[in-house]
Engineer: 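Quick one: the structure is below, and I'll ask about it shortly.
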Protein chains: 2
Amino acid sequence: MESGGLPDIASLSALIADPSRAAMLTALLGGIALPATDLARQAGVTRQTASAHLAQLVDGGLLRREAQGRHRYYSLANPDVADMLESLALLAPRAPIRSLRMSHVATALAHARTCYDHLAGMLGVTLADRLVQDGLLAEAEGHWLLTAHGREVLTAWGLDLSRLERGKRPLIRRCLDWSERRPHIAGALGAAITERCLALGWLVRIPGGRGLRLTPVGHDGFREVFGLTLDVEAPGTGHTASAV
Amino acid sequence: MESGGLPDIASLSALIADPSRAAMLTALLGGIALPATDLARQAGVTRQTASAHLAQLVDGGLLRREAQGRHRYYSLANPDVADMLESLALLAPRAPIRSLRMSHVATALAHARTCYDHLAGMLGVTLADRLVQDGLLAEAEGHWLLTAHGREVLTAWGLDLSRLERGKRPLIRRCLDWSERRPHIAGALGAAITERCLALGWLVRIPGGRGLRLTPVGHDGFREVFGLTLDVEAPGTGHTASAV
DNA sequence: AAAACGCTTCGCCGCCTGACGAACTGATCC
DNA sequence: GGATCAGTTCGTCAGGCGGCGAAGCGTTTT
């Protein structure tokens, strides 16, 4: 039997309900650890208030803290937290655009971003669509399954699929994208694809957020390997927008 | 392109963060519509405060209101809301047991409950385990697929699978159970199984909550059709516990 | 050793929000 | 038509919580 007691979703939600804490959590959806001062800046509060918020989030089990010298790096405690945040994002109302900067951030994120450790945004769903169309993934009863052809292509691209399958993590999960409202590829495969794209320099992280930028190398790579033609960048957004 | 703007997960969470509202939402996870007074009682507040809370929840898109005479029935707006609530429950801290009554409610819910429209709790995961073991469901890459054998047995039991497959809803989804931390069957099939169990009188709803009670008929039914031997009821909890 | 830096703790202030009593609307029952 | 009941609106009050300035702690740098 479990530890008993009913889940207290109110206190968990209260943890996320504060705008500053929510901003920190979404910033950490980029999948990388960030120091306290960075998170304070992104949330728009002073260091001391950020510190209090971060303590609460660690206490509530949403964040993990890791000390490194005089820095303390914070990151999401586990993939379940990311799933939960994404399921909230799917139903959450859209914040009204208040500034040109916000609009830039929003379009950059809608274009390409990470969802903890896999690709999301237009890039994520277009890639998924393409893999299904080209028969690398097969759709069955609402799931995606890797085909023999898909296994071949992805192995040739450099993924070690047998290693992924040995892990306890599901190979493929469909994750509903909040900006596109269509599914992209999550699970172990989704993480591996992202990792490979970053390693190959096809994508680079936009500093301080979840946004991704497609490089010219990536443009050619996606076309040659997956037959996918993408815009390299929406004009002018790439450098200024430090996506939330 | 979408309506633009970033998802405001803070304000959505704030909607759920209040204990009274959270209690109402979890009560509605039973899958049936409830009038305002019932929800007020379950949340432990007066009618007028409940009314204010319910207005907020409807406004936030989480609940649907339906007038019927002088009653107003409230229910979850859509299955996505239920998914979101369950993903919160999975990570939420467990409320400490404060009374004998709370303990009864907790054990009743852990035993068998609905998760919006499918079976959860020990019953839900045991049934899923059994279907996999007996080859009605096949596991592939972390998904469940219906086998020919499964199709046969479930059709013989009275499910119209072809109708379910025509719908846009995924046939099978694995839903992580917060009390067992193992998956049970969600999706169109999960809903159909629950519906059939209620129609056959195998299970009855414990009034005013999400709890389910296994009937003697159900005991025999699960044994004969699925080879599953279950306790009819944890002693003494069935009648008093009006599960939250 | 002193200075700089990253982060946290403490104390106080101001606002937001949930709670109820009372009064009102509209449907149902006899 | 009067009584009853479900539900909502209004006004008021109190508790909780996030915000920052100031001060403290430990690490790194010169």
Side-chain angles (χ1 to χ4, degrees), chain A residues 8-28 32-60 62-75 77 93 95 207-208 244, chain B residues 8-28 32-60 62-75 77 92-93 95 207-208:
Chain A
D8 182 5
I9 65 171
S11 65
L12 175 60
S13 303
L15 220 50
I16 311 168
D18 179 80
S20 307
R21 287 195 294 267
M24 295 173 178
L25 288 169
T26 52
L28 291 171
I32 54 179
L34 296 172
T37 305
D38 269 30
L39 292 167
R41 189 180 43 76
Q42 293 214 22
V45 291
T46 58
R47 287 186 215 81
Q48 54 271 34
T49 47
S51 181
H53 286 311
L54 290 167
Q56 288 183 65
L57 290 170
V58 170
D59 212 54
L62 294 184
L63 296 188
R64 172 202 318 276
R65 180 185 0 221
E66 206 170 340
Q68 235 176 69
R70 58 182 165 184
H71 298 268
R72 305 211 178 151
Y73 283 90
Y74 291 88
S75 56
V244 171
Chain B
D8 182 5
I9 65 171
S11 64
L12 176 60
S13 304
L15 220 50
I16 312 169
D18 179 80
S20 306
R21 287 195 294 267
M24 294 173 180
L25 288 169
T26 53
L28 291 171
I32 53 178
L34 295 173
T37 305
D38 269 31
L39 292 167
R41 189 179 44 77
Q42 293 214 23
V45 291
T46 58
R47 287 185 216 84
Q48 56 272 32
T49 48
S51 180
H53 286 311
L54 289 167
Q56 288 183 65
L57 290 170
V58 170
D59 211 55
L62 295 184
L63 295 188
R64 172 203 317 277
R65 179 181 6 216
E66 206 170 338
Q68 236 175 69
R70 60 180 165 184
H71 299 268
R72 304 209 181 154
Y73 284 89
Y74 291 88
S75 56

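Note: hydrogens, waters and symmetry copies are ignored here, and every other heavy atom, side chains too, is used. By convention in this document, chain letters (A, B, ...) are assigned in the order of the sequence lines, proteins followed by strands, and residues within each chain are numbered from 1.
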Engineer: Output the distance between atom CG (A:Asp38) and atom OH (A:Tyr73), rounded to the nearest 0.5 Å.
Structural biologist: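 Atom-to-atom, A:Asp38:CG and A:Tyr73:OH are 8.0 Å apart.
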Engineer: Find every protein N or O atom lying less than 3.5 Å from an N or O atom of nucleotides 21-23 of chain D, and list the pairs.
Structural biologist:
{"residue": "D:dG21", "atom": "N7", "partner": "A:Gln48", "partner atom": "NE2", "Å": "2.6"}

Engineer: Going by the side chain to side chain contact (heavy atoms under 4.5 Å, CB included) test, name the single residue among A:Leu54, A:Leu63, A:Leu62 that passes it with A:Met24.
Structural biologist: A:Leu54
Engineer: Nearest whole angstrom, please: distance from the P of C:dT17 to the CG of A:Asp18.
Structural biologist: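 After rounding, the reported distance stands at 12 Å.
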Engineer: If I compare all heavy atoms of B:Tyr74 with all of B:Val58, which pair ends up nearest, and what's the gap?
Structural biologist: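 Scanning both residues, the minimum pair turns out to be CE2-CG2, 3.7 Å.
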Engineer: Would you kindly compare A:Thr49 and A:Gln68 by the position of their nearest DNA chain D nucleotide and give the one closer to the 5′ end?
Structural biologist: A:Thr49
Engineer: Can you check the A:Asp59 CG to C:dT9 P distance for me, whole Å?
Structural biologist: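 Taking atom P of C:dT9 as the reference, CG of A:Asp59 is at 11 Å.
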Engineer: Between B:Ile16 and A:Ser13, which heavy-atom pair has the shortest distance, and what is it?
Structural biologist: CG2-OG, 3.4 Å
Engineer: Using OP1 and OP2 only, check whether a side-chain N or O of B:Ser20 sits under 4.0 Å from C:dG18.
Structural biologist: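 For B:Ser20, the contact criterion (side-chain N or O under 4.0 Å from OP1 or OP2 of C:dG18) is not met.
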Engineer: Sort out for me which residue in A:His71, A:Arg47, A:Gln42 forms a side chain to side chain contact (heavy atoms under 4.5 Å, CB included) with A:Thr37.
Structural biologist: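 Looking at A:His71, A:Arg47, A:Gln42, the match for A:Thr37 under the side chain to side chain contact (heavy atoms under 4.5 Å, CB included) is A:Arg47.
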Engineer: Specify the closest pair of heavy atoms between A:Leu15 and A:Arg21, including all atoms of both residues, with the distance to one decimal.
Structural biologist: O-NE, 2.5 Å
Engineer: Take the protein atom CG of B:Leu54 and the nucleotide atom P of C:dA19, then report the distance between them rounded to whole Å.
Structural biologist: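 Going from CG in B:Leu54 over to P in C:dA19 covers 12 Å.
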Engineer: Provide the closest heavy-atom pair for B:Ser20 versus B:Asp18 in the form atom of the first, atom of the second, distance.
Structural biologist: N-OD2, 2.9 Å
Engineer: I need the minimum non-hydrogen distance between B:Leu12 and A:Pro93, along with the two atoms involved.
Structural biologist: CB-CD, 4.3 Å
Engineer: Would you name the heavy atoms of B:Ala10 and A:Pro19 that are closest together and state the gap between them?
Structural biologist: CB-CA, 3.9 Å
Engineer: By the 4.0 Å heavy-atom rule, please label B:Gln56 as base, sugar-phosphate, or nothing.
Structural biologist: sugar-phosphate
Engineer: Quick check on DNA chain C: between B:Gly69 and B:His53, whose nearest nucleotide comes earlier from the 5' end?
Structural biologist: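 Upstream on the strand: B:His53.
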Engineer: Could you tell me how far apart B:Ile16 (CD1) and C:dG18 (P) are, to the nearest whole angstrom?
Structural biologist: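 My rounded result for the distance is 14 Å.
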Engineer: Show me the protein contacts with nucleotides 2-7 of chain C, counting only N or O atoms at under 3.5 Å.
Structural biologist:
{"residue": "C:dC5", "atom": "O4'", "partner": "A:Arg70", "partner atom": "NH1", "Å": "3.4"}
{"residue": "C:dC5", "atom": "O2", "partner": "A:Arg70", "partner atom": "NH1", "Å": "3.4"}
{"residue": "C:dC7", "atom": "OP1", "partner": "A:Ala36", "partner atom": "N", "Å": "3.3"}
{"residue": "C:dC7", "atom": "OP1", "partner": "A:Arg72", "partner atom": "N", "Å": "3.4"}
{"residue": "C:dC7", "atom": "OP2", "partner": "A:Thr37", "partner atom": "N", "Å": "3.0"}
{"residue": "C:dC7", "atom": "OP2", "partner": "A:Thr37", "partner atom": "OG1", "Å": "2.0"}

